[in-house]
Each structure stands twice: as structure tokens, then as C-alpha cells.
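Positions are given from 1, in the same order as the sequence printed here.
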Amino acid sequence: MTTSSPVRAAGPVQSRRQRIIHTSTPAELPRRSNPSAAGDMRAADLDAELVRRIGRGDRDALAQLYGRTRELVFQRVLAVVRDRGYAEETSQEVYLQVWRSAAGFDERRGSAAAWLRTLAHRQAVDRVRHERASADHDHAWGVMDYRPPVDSVIEDALRRHELRSVRKVLTVLTPLQRESVVLAFYFGLSYPEVAAHLGVQVSTVKSRIRAALTRLNTAMCEVGP
């Protein structure tokens, strides 16, 4: 009795498998959905809807948007201002800007997240410029307000002369000038305190001491070291 060869029997089976493989092209295979992309789309749609509701004056929508995006806004601001305290304050200002300008949001120009990042960046830049301007103003004010210590002449005299020399220099002052200088520089009274003690205007005290310092400086130059 003749038996069939195992090799011959496998032939038709193998060919069927090959036909299945070759006919199942990648274009015909079912595509898998991307859960991450779908989730991003839903989040973007929700953010845009919240912004639209904020534009209609919905405070609950603002609270929801804040809860969803505050970390995004904070990190964007922090990257510019580089100070956590300033970043927290500026982030609050960003959401105030959101409340004021949400009605002008146009989804065709970009997502709500992109719009928030733009607002955050602008607000952060404005904060940095404001802080720099304030620092420059304080520095300029300090320079303009700077005056050499008014008692530098007296201190210089004390270092360069014996007490007798100082007394000799003080004799070049008028009694009123000498009294004002002694109260201000030996007793440490302020201009208002000297004025109150003498019963005159503060401007009068300043004028007397200014004139006295000029005379003392001239007298010290004449006495020499």
C-alpha cells in the first residue's frame, strides 16, 4: 500500500499561510487608536471651552482652568523671572489677565494652552522690566540723594589736630554757627532737633551749618596737617 509523503502534505498548508501573509498588506491591517493623542485633544477642547465660558463671565470656569493649568503657567513664569516668590505673584496676575481678556480668545489662532503660555511669558517679561526699572530708580535716587557726611570736616579735624587746634579752628565761626555745629556734631542732634532746640526753622539750621562747614574747611587748609 502506498502512503503519502509528509513533505507533500505540508505543501498546500504552507502555501495557504504564504497567501495569507502576502495578501494582508499593512494598509489593510486595522489601525490602533492612540489614547494619549485622544486625551490631549479632549483636554485641549475642555480648556478652550473653559476659556470661552470665562469670556462670558463664568467664575467657576476660571477656577477650573486655574486648577488645570496653574503648574504650566507657574513654570513658564518661573523660567523668566527666576524667583519663586515673584513667579507666584506673577502667576496670579496672569489669571487676572485671563479673566479680563478671555472674551478675545480665538481658538483658530492657537490652543488655550498656547494662549496661556503667551500671556504668562508677557506678564513675566513685564515683571522683570518693572523690577529692573524700580532697581534703577532706587539706585538713581540714592545717587542723587547722596551727600558726603556733613561731619566729615569735623572728623577730619579731630584726626589731624589736637583738641587745641580744633578749638582754634572753631573760633573762625560766628556764635550762631558754632552753636549749631556743636549741637549737630558733638551732641549728635539731627537738623530738626537742632532747630527745635534753637527755636528756628530747619532751613535756617541747614544754612548755618553749610556756611560753617565752608569756613571750617578753609581754616583747616590754612592750619595744615
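One distance of note links OH of Tyr191 with OG of Ser180; it measures 9.5 Å at 0.5 Å rounding. Between atom OG1 of residue Thr214 and atom CD1 of residue Ile209 there is a gap of 12.0 Å, rounded to the nearest 0.5 Å. In this structure, the separation between CG on Leu116 and CD on Gln97 is 11.0 Å, given to the nearest 0.5 Å. Separating the OG1 atom in Thr90 from the CD atom in Gln92 is a distance of 10.0 Å, to the nearest 0.5 Å. Here the CD1-CG distance, from Ile54 to Asp47, works out to 9.5 Å after rounding to the nearest 0.5 Å. Between Glu193 atom CD and Leu198 atom CG the span is 12.0 Å, to the nearest 0.5 Å.
Both Val194 and Val182 are assigned to one and the same hydrophobic cluster, defined by single-linkage of ILVMFWY side chains at heavy-atom distances under 4.5 Å. Each of Tyr66 and Phe74 belongs to its own hydrophobic cluster when Ile, Leu, Val, Met, Phe, Trp and Tyr are linked at side-chain heavy-atom distances under 4.5 angstrom. Residues Val125 and Val128 share a single hydrophobic cluster, defined by chaining ILVMFWY side chains whose heavy atoms lie under 4.5 Å apart. Trp99 and Leu72 fall within a single hydrophobic cluster, where Ile, Leu, Val, Met, Phe, Trp and Tyr are joined by side-chain heavy atoms under 4.5 Å apart, directly or via other members. The cluster map of Ile, Leu, Val, Met, Phe, Trp and Tyr, joined by side-chain heavy atoms under 4.5 Å apart, puts Leu78 and Leu96 in different clusters.
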Please report the C-alpha distance between Arg122 and Thr118 in whole Å, then the side-chain angles of each, then the deciding distance to 0.1 Å, and finally whether the side-chain contact (heavy atoms from CB on, under 4.5 Å) criterion is met. CA-CA 6 Å; Arg122 289 176 180 173; Thr118 300; 3.6 Å; yes
Please walk me through it: do Val51 and Leu65 pass side-chain contact (heavy atoms from CB on, under 4.5 Å)? CA-CA 8 Å; Val51 174; Leu65 185 70; 4.0 Å; yes
One pair to check against salt bridge (charged side-chain N to carboxylate O under 4.0 Å, His left out): Glu179 and Arg208. What are the steps and the verdict? CA-CA 10 Å; Glu179 186 177 27; Arg208 287 179 184 176; 5.4 Å; no
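Taking all atoms of both residues into account, the shortest heavy-atom contact from Leu173 to Ala212 is CD2-O, 3.5 Å. For the pair Val80 and Ala124, the tightest heavy-atom approach, listed with the atom from each and the gap, is CB-CB, 3.6 Å. What you find for Ala112 and Ala48 is that their closest heavy atoms are CB-N, 3.8 Å. Ala120 approaches Arg76 most closely through the heavy-atom pair CB-CG, 3.8 Å. Here the shortest heavy-atom pairing between Asp45 and Arg52 reads O-NH2, 4.4 Å. Here the closest heavy-atom approach between residue Val77 and residue Ala87 is recorded as CG1-CA, 3.7 Å.
Side chain of Thr174 to backbone of Gln177: a donor-acceptor contact under 3.5 angstrom is found. Within the 3.5 Å criterion, the main-chain N or O of Val200 finds no donor-acceptor partner in the side chain of Thr204.
Residues Arg108 and Asp106 are paired through a salt bridge, judged by an N-O separation under 4.0 Å between the basic side chain and the carboxylate.
Within 6.0 Å of OH on Tyr86 lie no more than 12 heavy atoms contributed by other residues, nucleotides or ligands. Counting non-hydrogen atoms of neighbouring residues, nucleotides and ligands closer than 6.0 angstrom, the CZ atom of Arg59 reaches no more than 12 such neighbours.
Contact annotation: the side chain of Lys206 never approaches that of Gln201 to less than 4.5 Å [non-hydrogen atoms, C-beta and beyond]. Side chains of Glu107 and Trp115 form no contact here, defined as non-hydrogen atoms less than 4.5 Å apart.
Between the side chains of Gln75 and Glu71, a donor-acceptor pair is found at a separation under 3.5 Å.
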